[in-house]
There are 2 protein chains.
Amino acid sequence: MRKTNVITPFKKLSHVHQQCADSALSVAEETCNSRGVRLTKLRRRVLELVWSSHEPIKAYDILDILRNERSGSAPPTVYRALEFLQDEGMVHKIESLNSYVGCGAPAHNHASQFLICHSCGAVAEMDDIDIRNLIADKAADMGFKIDKEIIEVKGICSQCSGEYSSDKKC
Amino acid sequence: MRKTNVITPFKKLSHVHQQCADSALSVAEETCNSRGVRLTKLRRRVLELVWSSHEPIKAYDILDILRNERSGSAPPTVYRALEFLQDEGMVHKIESLNSYVGCGAPAHNHASQFLICHSCGAVAEMDDIDIRNLIADKAADMGFKIDKEIIEVKGICSQCSGEYSSDKKC
DNA sequence: AAAATATATGTTATATTATAACATAACAAA
DNA sequence: TTTGTTATGTTATAATATAACATATATTTT
């Protein structure tokens, strides 16, 4: 068993969230630069709003905020920015919540397993190679070849369950 | 590694689908009887429509059919029946497709891993204990306790990939 | 069997999530 | 600097889902 690659851990309530957002935004800038794609003001702002917390945000909640900032904002304004950010791996959609979370490791081809706390609403992201391999093996037993997997695990995080609160969070 | 519990396998194109539907419907009847819940005509019909193929069906596609059969059919007609059938484990929602598939093993508490072929559209369902355990272990490493997991794997089934076509399907 | 209760369905309205299509603007390349 | 490309503005509408209350049907109690 290999060590889990934790992309976005659960954070303590006391963490300085601005650092999460700042870091993600600057990784995004660099990544867009090196890929030759444009992180426009709008896209950057949408990414910032996605990063306003570790809880997934809804497209129309983003829109409500944008409408106070840019006249002419409409659903396509948001959905197009989200589409770009998803294509670049900077945002992931949580299918079971119709909501979006930021990703600080914008590789095009990593997989994700999301842990969603139904108490605090926070989402953690990992890409665990053992999980990927096991699912791939089991699928292969049925003759199935995997292109993409959606794994969204609901439960309760350490902080909310009151255990491990000091040692399992960053 | 334990053997995968295949709940709904991929089927050959030539399979007699009526048998799949008939079997699921009669299991549903028996299960509802033994649970003391009512598989009404409407619910039975909706379940039958869900079982009209192994491709997931959309709520409004069900509605379109119902409208030709019962005057007064409306979205709640379908969504309420689907909710009942999901609660009873006879239907699962595929979150990433906003669609519904039948389940022939209506336990209240089994988990599911769905394999979704993007070529033929068919969905297979398994409940593999190794996958559940591995994900639970990895989540526990982060202090997370799982209530429910959503696993939807996209790819290509054996028949569509042209391999194993005779030996991996039922 | 009749009344009371609980459950299921009918009905209207609306909320939520997302995309199509075409116009204009901003940027990049030639 | 004009040309092409990419991004955004704008209007409209499609697709998915739920709220709220009325009526009907089934079940239980009297």
Side-chain angles (χ1 to χ4, degrees), chain A residues 28-29 32-50 55-88 90-101 121 150 152, chain B residues 28-29 32-50 55-88 90-101 121 150 152:
Chain A
E29 302 265 20
C32 285
N33 278 340
S34 78
R35 287 179 188 166
V37 297
R38 285 159 57 199
L39 189 65
T40 60
K41 271 192 179 172
L42 172 60
R43 289 165 175 174
R44 193 181 196 289
R45 179 63 180 139
V46 169
L47 182 57
E48 196 171 59
L49 290 171
V50 169
E55 295 180 51
I57 192 170
K58 301 208 158 249
Y60 275 76
D61 289 341
I62 294 171
L63 180 55
D64 286 343
I65 296 168
L66 281 187
R67 282 192 153 126
N68 292 324
E69 301 176 350
R70 323 185 133 226
S71 75
S73 294
T77 312
V78 173
Y79 283 104
R80 285 192 291 225
L82 286 173
E83 184 184 30
F84 170 86
L85 294 167
Q86 288 177 270
D87 288 347
E88 297 302 328
M90 290 152 193
V91 162
H92 301 302
K93 181 177 184 184
I94 305 295
E95 295 287 348
S96 61
L97 299 175
N98 296 322
S99 299
Y100 302 84
V101 289
I150 293 164
E152 299 177 4
Chain B
E29 302 264 20
C32 286
N33 278 340
S34 78
R35 287 179 187 167
V37 296
R38 287 157 57 198
L39 189 66
T40 61
K41 272 192 177 169
L42 172 61
R43 290 164 174 175
R44 193 183 196 287
R45 181 61 180 137
V46 169
L47 183 57
E48 196 170 61
L49 291 172
V50 169
E55 294 180 51
I57 191 170
K58 300 205 160 253
Y60 275 75
D61 290 341
I62 295 172
L63 180 55
D64 286 344
I65 296 168
L66 281 187
R67 282 195 153 124
N68 293 325
E69 300 175 352
R70 326 185 130 224
S71 73
S73 294
T77 311
V78 173
Y79 283 104
R80 286 191 291 225
L82 287 173
E83 184 184 30
F84 169 86
L85 295 166
Q86 287 177 269
D87 288 347
E88 297 303 327
M90 289 150 194
V91 162
H92 300 302
K93 181 176 184 184
I94 306 295
E95 295 287 349
S96 62
L97 298 175
N98 295 323
S99 299
Y100 303 85
V101 289
I150 293 164
E152 299 177 4

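Below, read A as the first sequence line, B as the second, and so on, with proteins coming before strands; counting in each chain starts at 1. As the structure is a computational prediction, the values presented were derived from the model and not from experiment.
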J.: How long is the straight-line distance from CG of A:Asn68 back to OG of A:Ser73, given to the nearest 0.5 Å?
T.: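 Going from the OG atom of A:Ser73 to the CG atom of A:Asn68 covers 9.0 Å.
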J.: Listed in order of residue number, which residues of residues 41-49 of chain B have a non-hydrogen atom at under 4.0 Å from DNA chain C?
T.: B:Leu42, B:Arg43
J.: For A:Gly72 versus A:Thr77, what's the shortest heavy-atom pair and its separation?
T.: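 Between these two residues, the closest heavy atoms are O-OG1, 4.0 Å.
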J.: Residues in salt bridge (charged side-chain N to carboxylate O under 4.0 Å, His left out) with B:Glu95, at least two apart?
T.: B:Lys93
J.: Once you round it to whole Å, what is the distance between C1' of C:dT17 and CG of A:Asp61?
T.: 12 Å
J.: Could you state the CZ-P distance from A:Arg67 to D:dT11, rounded to the nearest angstrom?
T.: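 Going from A:Arg67 (CZ) to D:dT11 (P), I get 11 Å.
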J.: Indicate the atoms forming the closest heavy-atom contact of A:Pro75 with A:Arg67, along with that distance.
T.: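 Shortest heavy-atom contact: CD-NH2, 4.2 Å.
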J.: To the nearest 0.5 Å, what is the distance between CD1 on A:Ile150 and CD1 on A:Ile94?
T.: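 Here the rounded value is 10.0 Å.
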J.: Any chance you could measure A:Leu97, atom CG, to A:Ile57, atom CD1, to the nearest 0.5 Å?
T.: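 Rounded to the nearest 0.5 Å, the CG-CD1 separation comes out at 13.0 Å.
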J.: Kindly list each side-chain donor-acceptor pair under 3.5 angstrom involving residues 35-47 of chain B, sequence neighbours excluded, with atom names and distances?
T.:
from	atom 1	to	atom 2	distance (Å)
B:Arg35	NH1	B:Glu88	O	2.8
B:Arg35	NH1	B:Glu88	OE1	2.8
B:Arg35	NH1	B:His108	NE2	3.4
B:Arg35	NH2	B:Pro106	O	2.3
B:Thr40	OG1	B:Arg43	N	3.3
B:Arg43	NH1	B:Arg38	O	2.7
B:Arg44	NE	B:Glu29	OE2	2.5
B:Arg44	NH2	B:Glu29	OE2	3.1
B:Arg45	NE	B:Glu69	OE1	2.9
B:Arg45	NE	B:Glu69	OE2	3.2
B:Arg45	NH1	B:Glu48	OE1	2.7
B:Arg45	NH2	B:Glu69	OE2	2.5

J.: D:dT8 C1' sits how many Å from A:Glu69 CD, rounded?
T.: 16 Å
J.: Please round to 10 degrees the angle between the axis of the first five pairs and the axis of the last five pairs in the helix from C:dA1-D:dT30 to C:dA30-D:dT1.
T.: 30°
J.: Whole angstrom is fine here: how far is it from CD in B:Gln86 over to C1' in D:dT18?
T.: 14 Å
J.: Between P on C:dA18 and CD1 on A:Ile57, what's the gap in Å once rounded to a whole number?
T.: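 It is 13 Å, rounded to the nearest whole Å.
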J.: Determine: side-chain N/O of A:Lys93 to OP1/OP2 of C:dA18, distance under 4.0 Å, yes or no.
T.: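 Answer yes for this pair, as a side-chain N or O of A:Lys93 is under 4.0 Å from OP1 or OP2.
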J.: With the sugar-phosphate defined as primed atoms, P, OP1 and OP2, and the base as all remaining atoms, what B/S/- string results for nucleotides 19-30 of chain C, 5' to 3', for protein heavy atoms under 4.0 Å?
T.: BBB-----S---
J.: On DNA chain C, nearest-nucleotide positions of B:Asn98 versus B:Ser71: which is more 5'?
T.: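 With B:Asn98 and B:Ser71 compared, the 5'-side residue is B:Ser71.
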J.: Testing B:Leu49, B:Val91, B:Val78, B:Leu85 one by one against B:Tyr100 for a side-chain contact (heavy atoms from CB on, under 4.5 Å), which residue passes?
T.: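 Filter result, single survivor: B:Val91.
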J.: Please report the distance, rounded to the nearest Å, between CZ in B:Phe84 and P in C:dT9.
T.: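 Atom-to-atom, B:Phe84 to C:dT9, this comes out as 9 Å.
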J.: Quick one: B:Ile62 CD1 to D:dA15 C1', roughly how many Å, whole number?
T.: 15 Å
J.: Check B:Glu152 against B:Ser96 and note the closest heavy-atom contact, atom names and distance.
T.: OE1-OG, 2.6 Å
J.: Rounding to an integer number of Å, can you tell me how far B:Ile94 CD1 sits from D:dA17 P?
T.: 13 Å
J.: Quick one: side-chain contact (heavy atoms from CB on, under 4.5 Å) partners of B:Asp64, sequence neighbours excluded?
T.: B:Asp61
J.: Under 4.0 Å between a side-chain N/O of A:Lys58 and OP1 or OP2 of C:dT17, yes or no?
T.: yes
